[in-house]
Amino acid sequence: MHRVNIERMIIFRLSLLLFSVAIFIVVRPTKAAAEQPNILFIYTDDQSHRTVSCYDEAYSWVKTPNIDSLAKRGARFTHAYIGSWCAASRLSVLTGRQQHAIESFRATGEYPGNVYDPEQCQFFPKLLRQRGYYTAQIGKWHTGDDSGFGRDWDHQIVWNRIKFPKNSPNYYDNQLIVRDGGDPVLTKGYSTDNYTNWAIDFINGKTRDPQKPWMLWLCYGAVHGPFTPADRHENAYPDADIPEPSDIYGPRPGKPKYVRDVGFWEKNKVGIPVEKKVRDLPPVAMVDIPGKPLKDWVRQYQQGVLAIDEGVGRLIKVLESTGQLDNTVIVFTSDQGFAWGQHGFKNKVAPYDAAIRGPLIIVKSDSQPTVIRTPVTAVDLTATIMAQAETNPQWKMHGRDLTPLIQGVKNFTGEQARMLLTHTARSYGKSTTVIPKPGDKALTHGPGVPWYAILCEGKFKYVRTLIEGEVEELYDVNNDPEELDNLALKPAFQEILASYRANAKAELQRTEAPFVGNLPAVKKVTKSDD
């Protein structure tokens, strides 16, 4: 009997020990997970690099001290081409794949409606969840009526424009907000401030698991049209001076036909550029006001950035006060930029720096203030975030980990130095196999901008408009930052042009572009073109 009692006691103590170990494993994150940095990914909308005062191209009167403070601590990328427009840019970030290689995503129903199959179109946050991260998304959602709560996001406070198209113009107030998969609630208040407040609650630990590292994708709706500033900023920049873009009226020699035909602006009676009546039905929330001066539009646009800058300052402060700043990777960028008069445009989408180039600043605990001229795009951000989280992809991604550039270890060389961006309008994946012909609505998006491919490498930027017989474009990014002189039409640059054409095709092949075997012929250059 005594022996039986001893055995029972041993079994009981072993059971208790195993139970304690099991509880420890369940409650406590793994050592590897606990050591991972938090990731604050700030993503604005339609925000040009010209709106951030630490960028050389910013107007002299622009002031964004809080965003600038990030650049003083980390890497500022001068040439960030994250995407050509809202949905395509976000999808490439979420999947790590170029637009032409994202399967199952498609437009449907009332604009901006779209859907996808989460088995074919997988998003990287779910991989971070598997790695032990607590993931969250706050703000604008533009990629499918399924916003991924419970699969990609542990926590979500989302304005899902896709699921509620009638509410989709409400970029700045009266938004239908869904919390953690619940019912939509009409929510008042200036959206930029709302999103910042909810992000601060998350960082403070009110809406997350405090034992896990976290990743927050904070998606501001500003400064998308209708470009509404906060009430407190309506009188900001009273003395703003707006130089008139050199080719606002054309004729824009050397550009493709759709650019030569652009005409959003005209001179009024006193000779200043004002908006023309061009579109009967402008894009959702993109109000057209014929007669409104360009300078007033630009001033209003810049005013809308001020609340973003204030929000960044508040986020930095709460990271500092909670002791998380040194262990948080901060990425600040936008889905793309926005052109105001350059090349005649009032829009994004077009393949020019004025229209799609945005800010990008990345801060790590061990990063030093540096300026990086290497061109980057959306898929590079995915690769970099995955690397920082020490998370391996489970599907093929197309980007480059930017960590070596941020840390100053090395520069990219050879094929790794190439940056590709494609625009295939509202088509994705296998639906891009056949390039639409002129006249087909599927060929264009925005103000008639057709499919194109961009390759940036070294000192040149190459643009191939995917229309039979259309001109190619080649710009010297150092000597012609406004992209006015198309070197592709000069006989002296034909050898360089041919190499960029070949490199662009190679990148299209590497990134699985279905249309790479169906590229239309380009215009042949003769001496008369010079």
Under the side chain to side chain contact (heavy atoms under 4.5 Å, CB included) test, which residues partner [X], sequence neighbours left out?
| X | value |
| --- | --- |
| Arg279 | Phe264, Pro282, Pro283, Met286, Asp288, Lys346 |
| Pro184 | Phe164, Leu176, Val178 |
| Ala339 | Gln342, Phe345, Ala354, Ala355 |
| Pro165 | Glu110, Pro112 |

When [X] is tested against each of [options] for side-chain contact (heavy atoms from CB on, under 4.5 Å), which residue passes?
| X | options | result |
| --- | --- | --- |
| Tyr428 | Leu91, Thr95, Asn114 | Leu91 |
| Thr333 | Leu360, Ile361, Val376 | Leu360 |
| Phe41 | Val331, Leu216, Ile362 | Val331 |

Would you please name every residue forming a salt bridge (Lys or Arg N to Asp or Glu O under 4.0 Å) with [X], sequence neighbours left out?
| X | answer |
| --- | --- |
| Asp173 | none |
| Glu57 | Arg357 |
| Lys292 | none |
| Asp117 | none |

**Request:** Could you list all the side-chain hydrogen bond (donor to acceptor under 3.5 Å, both in side chains) pairs where at least one residue sits in residues 436-448, not counting sequence neighbours?
**Result:**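 The answer is none; no pair qualifies.
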Quick one: do [X] and [Y] make a salt bridge, cutoff under 4.0 Å?
| X | Y | answer |
| --- | --- | --- |
| Asp68 | Lys72 | no |
| Glu103 | Lys430 | yes |
| Asp146 | Arg151 | yes |
| Lys163 | Asp145 | no |
| Arg90 | Asp335 | yes |
| Lys461 | Glu483 | yes |

**With sequence neighbours excluded, residues passing ring-ring contact (aromatic ring centres under 6.0 Å, His included) with Tyr171** =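 Partners of Tyr171 under the ring-ring contact (aromatic ring centres under 6.0 Å, His included) test: Trp159, His224.
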**Request:** Describe, in one word, how the ring planes of Phe338 and Phe227 are oriented to each other, choosing from parallel (under 30°), tilted (30 to 60°) and perpendicular (over 60°).
**Result:**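 It falls in the perpendicular class, over 60°.
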Distance-only criterion, 3.5 Å: show the donor-acceptor pairs between side-chain atoms of residues 240-251 and protein atoms not counting sequence neighbours.
| residue | atom | partner | partner atom | Å |
| --- | --- | --- | --- | --- |
| Ser246 | OG | Glu482 | OE1 | 3.3 |
| Asp247 | OD1 | His343 | N | 2.8 |
| Asp247 | OD2 | His343 | ND1 | 2.7 |

**Asked** Tell me, which pairs form a salt bridge (charged side-chain N to carboxylate O under 4.0 Å, His left out) where one or both residues lie in residues 215-224, sequence neighbours left out?
**Response**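 As it turns out, there is no salt bridge (charged side-chain N to carboxylate O under 4.0 Å, His left out) pair with a partner in residues 215-224 once direct neighbours are skipped.
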**Message:** Assess, by modelled atom type and distance only, whether the side chains of His100 and Thr511 contain a donor and an acceptor separated by less than 3.5 Å.
**Reply:**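 Side-chain D/A pair, His100 to Thr511: present.
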